[in-house]
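For reference, the structure discussed in these notes is given below.
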Amino acid sequence: MTTPPTSPTVTIVTGASRGIGKAIANTLAAAGHHLLLVARDAEALAATATPLRSAGHTVATFAADLRDPAAIEAVVTHAERQLGPITAVVNNAGTAPSDKVENTTTAMVQETFALHVAAPLAFARLCTPAMKKRGHGALLHLASTAGLRGYPFTSAYTAAKHGMVGLSRALHAELSTAGVRVYALCPGFVDSDITRGAAAAIAARGKTTAAEAHARMGKQNRIGRMHTPDEVAAAAAFLLRTLPTGCVYELDREPAAFVDTPA
Ligand SMILES: NC(=O)c1ccc[n+]([C@@H]2O[C@H](COP(=O)([O-])OP(=O)(O)OC[C@H]3O[C@@H](n4cnc5c(N)ncnc54)[C@H](OP(=O)(O)O)[C@@H]3O)[C@@H](O)[C@H]2O)c1
């Protein structure tokens with residue numbers, strides 16, 4: 001009989017080079033996790049990892065495009081070799097294409113489903129057999145309120161995030177009795193490159209400024225403003241730290257709460 005640790009120690013964080021993933025890396029390093037950070041841009045990953053290593057934290061990096069299943073196998077192998085058995089995976093890497101449905105291409109749909117559904121499923125396939133044997137482990141999926149309700153001009157992204165939430169529910173149903181906790185963490189709009197890029201695109205159409213567009217997005221959140229990446233990271237660390245099993249946790253509420261009651 002294994003005793004679950006109160007906190008996973010070896011954690012893969014995808015999309016850790018900026019935004020929410022970088023904030024999660026900083027927060028989990030401070031909480032004592034040994035980290036493997038993943039994104040495509042090796043230099044940007046190094047910019048996240050170097051200050052953490054200087055502060056004495058154990059942090060490895062691996063540049064990979066997570067749309068490629070072979071790259072995901074390489075990430076897992078690298079993490080195990082560098083850091084030991086994997087106790088948690090934070091599936092955060094993502095892109096958020098936005099356009100009218102008539103401009104939404106098959107390539108946009110394939111990219112969003114590859115990153116938000118197929119990559120987390122591949123990590124689960126590769127990592128959960130060992131987690132089940134040990135009797136503990138955690139998968140945290142950076143989903144979105146777009147996984148819980150519909151937003152206009154984001155049909156590929158909203159469909160993929162609903163897929164991510166559905167994947168989390170299925171994995172939770174399958175794995176929770178084996179001690180593997182699965183979470184879908186659902187923030188509303190977050191102040192990051194994704195929302196700043198969307199605001200700039202709206203401003204380019206000439207009807208408003210990027211600042212106004214950005215503020216209007218924040219007001220669409222139930223909490224009436226943008227979340228910060230640090231708030232999302234604090235929620236991720238809270239979920240990984242606590243023992244109740246998943247599954248769907250909505251940040252855009254006062255107070256933030258589980259949508260699905262933990263089993
Ligand atoms: N911002 C929001 O309003 C918001 C709200 C709810 C949920 N989310 C979700 O939160 C997650 C992070 O979003 P963010 O706002 O922090 O975005 P961001 O600032 O644009 O960061 C995205 C991260 O994902 C990595 N990435 C993108 N494509 C990748 C690929 N093919 N392979 C590997 N890594 C890849 C990026 O690094 P490289 O470009 O170097 O690969 C970067 O590190 C996403 O899943 C997003 O859907 C965001």
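Note that the coordinates shown come from a computational prediction; the quantities given were computed from them, not determined experimentally.
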Assess the residue pair Arg225 and Glu231 against the criterion (salt bridge (charged side-chain N to carboxylate O under 4.0 Å, His left out)); give the C-alpha distance rounded to whole Å, side-chain angles, the decisive distance to 0.1 Å, and a yes or no.
CA-CA 12 Å; Arg225 60 162 179 82; Glu231 286 171 335; 2.8 Å; yes
Is Met131 reachable from Ile12 through a run of I, L, V, M, F, W or Y residues, each pair having side-chain heavy atoms under 4.5 Å apart?
yes
When you measure from the side chain of Thr195 to the backbone N and O of Val190, does any donor-acceptor pair fall under 3.5 Å?
yes
For the residue pair Thr9 and His34, confirm or rule out a side-chain donor-acceptor distance under 3.5 Å.
no
Val76, Leu167: one ILVMFWY side-chain cluster at the under-4.5 Å cut-off?
yes
Report the C-alpha separation of Val259 and Tyr249 in whole Å, then their side-chain angles, then the decisive distance to 0.1 Å, and conclude whether the side chain to side chain contact (heavy atoms under 4.5 Å, CB included) test is met.
CA-CA 6 Å; Val259 177; Tyr249 188 81; over 6 Å; no
State the OG1-CZ distance between Thr112 and Arg67, to the nearest 0.5 angstrom.
11.0 Å
Over all atoms of both residues, closest heavy-atom pair of Leu185 and Ala236
CD2-N, 3.8 Å
Is any side-chain heavy atom of Leu140 less than 4.5 Å from a side-chain heavy atom of Val89?
no
One thing to verify: whether Arg196 and Asp191 come together as a salt bridge, which I'm taking to mean a side-chain N less than 4.0 angstrom from a carboxylate O.
yes
So how far is it from Lys100 NZ to Glu102 CD, rounded to the nearest 0.5 Å?
5.5 Å
Quick one: CG on Asn91 to CG on Leu142, what's the gap to the nearest 0.5 Å?
9.0 Å
Is it true that Tyr151 and Ser144 share a donor-acceptor pair across their side chains at a distance under 3.5 Å?
no
Below 4.5 Å, heavy atoms only, C-beta onward: do His214 and Met226 meet side chain to side chain?
yes
Is there a path of hydrophobic side-chain contacts, each under 4.5 Å between heavy atoms of I/L/V/M/F/W/Y residues, joining Ile223 to Val248?
no
Quick one: do Arg149 and Glu250 make a salt bridge, cutoff under 4.0 Å?
yes
Smallest separation among heavy atoms of Ala156 and Thr104, with atom names
CB-CG2, 4.0 Å
Working to the nearest 0.5 angstrom, can you tell me the gap between Leu52 CG and Thr58 OG1?
10.5 Å
Considering all heavy atoms of both residues, which atom of Thr208 and which atom of Arg216 are nearest to each other, and what is their separation?
OG1-NH2, 3.5 Å
Quick one, Arg205 with Lys207, criterion side chain to side chain contact (heavy atoms under 4.5 Å, CB included). Give me CA distance, side-chain angles, the key distance, then yes/no.
CA-CA 6 Å; Arg205 286 182 223 133; Lys207 291 196 178 150; 5.7 Å; no
Side chains of Glu111 and Thr95, donor plus acceptor under 3.5 Å
yes
Do Tyr183 and His172 have their ring centres less than 6.0 Å from each other?
no
Distance-only, no hydrogens or angles: does the Asn92 side chain make a donor-acceptor pair with backbone N or O of Thr14 under 3.5 Å?
yes
Only one of His141, Lys161, His162 passes side chain to side chain donor-acceptor pair (under 3.5 Å) with His116; say which it is.
Lys161
Calculate, to the nearest 0.5 Å, the distance between atoms NE2 and CG belonging to His33 and Leu83 respectively.
12.5 Å
Are Asp99 and Phe153 close enough that some pair of their side-chain heavy atoms sits under 4.5 Å apart?
no
Looking at side-chain heavy atoms only, is the closest gap between Cys127 and Ile86 below 4.5 Å?
yes
Looking at Ala42 and Ala63, what are the two nearest heavy atoms and their distance?
CB-CB, 4.0 Å
Determine the sole option in Thr27, Leu28, Asn26 for which the side chain to side chain contact (heavy atoms under 4.5 Å, CB included) test with Ile24 is passed.
Leu28
Assigning hydrophobic clusters by single linkage (Ile, Leu, Val, Met, Phe, Trp, Tyr; side-chain heavy-atom cutoff under 4.5 Å), is Ile20 placed with Met164?
no
Would you say Arg181 and Leu139 make side-chain contact, with heavy atoms under 4.5 Å?
no
What distance do Arg53 atom CZ and Thr61 atom OG1 have between them, rounded to the nearest 0.5 Å?
5.5 Å
Please give me the minimum heavy-atom distance between Gly94 and Ile194, naming the atom from each residue.
O-CD1, 4.3 Å
Report yes if the side chains of His227 and Asn221 come closer than 4.5 Å at any heavy-atom pair, otherwise no.
yes
Nearest atoms (heavy-atom pairs only) where Thr145 meets Gly188
OG1-CA, 3.5 Å
Do Asp252 and Phe189 have side chains that approach each other closer than 4.5 Å (heavy atoms only, starting at C-beta)?
no
If hydrophobic clusters are built by linking Ile, Leu, Val, Met, Phe, Trp and Tyr wherever their side-chain heavy atoms come under 4.5 Å apart, do Val38 and Leu126 end up in the same one?
yes
Would you please test Val182 and Cys247 for side chain to side chain contact (heavy atoms under 4.5 Å, CB included) and show each step?
CA-CA 6 Å; Val182 185; Cys247 171; 5.6 Å; no
Does Leu36 reach the side chain of Phe62, with side-chain heavy atoms less than 4.5 Å apart?
yes
